[in-house]
Amino acid sequence: MSDCLFCKIAAGEIPSKRVYEDEVCVAFYDIDPQAPTHFLVIPRQHIASVAEVGEDNAALAGHMLAVIAKVAKDLGLDSYRVVSNCGEQAGQSVHHLHFHVLSGRDMTWPPG
Ligand code: AMP
Ligand code: ZN
């Protein structure tokens with residue numbers, strides 16, 4: 001999608017501090033970290049949100065979760081939170097599927 005920020009990051013047209021990439025997805029540090037460690041995992045393919053995940057792209061979503069586990073392990077994270085905001089009321093600001101991975105501080109539940 002030509003005017004999508006995360007499509008541009010995935011394509012390397014906008015710089016990011018990458019922590020992992022493969023043919024399917026890219027992981028990079030959030031520009032406005034909300035925890036000592038805060039990175040995002042996005043698919044290279046434009047998918048707007050979790051609401052667009054169906055059986056046709058379920059393997060991609062599963063792969064993204066496997067990447068989260070691998071990167072967290074590689075970074076030595078033993079406790080972390082995985083979040084995907086879906087829709088305006090939930091706080092989604094970039095309409096390209098992404099999982100936040102946050103770690104390194106105490107967290108509260110329920111989230112605000
Ligand atoms: P959300 O608000 O859940 O859609 O998450 C979007 C996230 O993207 C926010 O945490 C932003 O800080 C992050 N973000 C926005 N622009 C960039 C960028 N250029 N590089 C890295 N992270 C970004
Ligand atoms: Zn996109």
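Remember, it's 1-based here, ligands and their atoms both numbered in the order they're listed. We count residues from 1, following the sequence as given.
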Requested in this report: Verify the distance criterion only: is there a donor paired with an acceptor across the side chains of His98 and Asn85 at less than 3.5 Å?
Outcome: no
Report task. Kindly compute the distance separating CG (Asp22) from CE (Met64), expressed to the nearest 0.5 Å. Result ->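 If I round to the nearest 0.5 Å, the distance is 10.0 Å.
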Query raised in the report: Is a side-chain donor or acceptor of Gln92 paired with a backbone partner of Glu88 at a separation under 3.5 angstrom?
Result: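 Not a single qualifying donor-acceptor pair exists.
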Query - Donor-acceptor pair, side chain of Glu13 and main chain of Lys8, under 3.5 angstrom - result: no
[X] vs [Y] side-chain heavy atoms within contact, under 4.5 Å:
X: Ile42; Y: His96; result: yes
X: Val19; Y: Tyr29; result: yes
X: Thr37; Y: Val101; result: no
X: Val26; Y: Val41; result: no

Query raised in the report: Between Phe39 and Phe99, is the gap from one ring center to the other below 6.0 Å?
Result: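 Phe39 vs Phe99: aromatic centres not under 6.0 Å.
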Could you check ligand 1 for N or O atoms lying under 3.5 Å from protein N or O atoms and list the pairs with distances?
from, atom 1, to, atom 2, distance (Å)
ligand 1, 2 (O), Gly91, O, 3.1
ligand 1, 2 (O), Ser93, N, 3.2
ligand 1, 2 (O), Ser93, OG, 2.7
ligand 1, 3 (O), Asn85, ND2, 2.8
ligand 1, 3 (O), His98, NE2, 3.2
ligand 1, 3 (O), His100, NE2, 2.8
ligand 1, 4 (O), Ser93, N, 2.7
ligand 1, 4 (O), Ser93, OG, 3.3
ligand 1, 4 (O), Val94, N, 3.0
ligand 1, 4 (O), His98, NE2, 2.9
ligand 1, 5 (O), His98, NE2, 3.0
ligand 1, 5 (O), His100, NE2, 3.2
ligand 1, 10 (O), Asp30, OD1, 3.3
ligand 1, 10 (O), Asp30, OD2, 2.5
ligand 1, 12 (O), Asp30, OD1, 2.5
ligand 1, 22 (N), Ile31, N, 3.1

**Report entry** Protein N, O or S atoms under 2.8 Å from the Zn ion (ligand 2)
**Finding:** 4
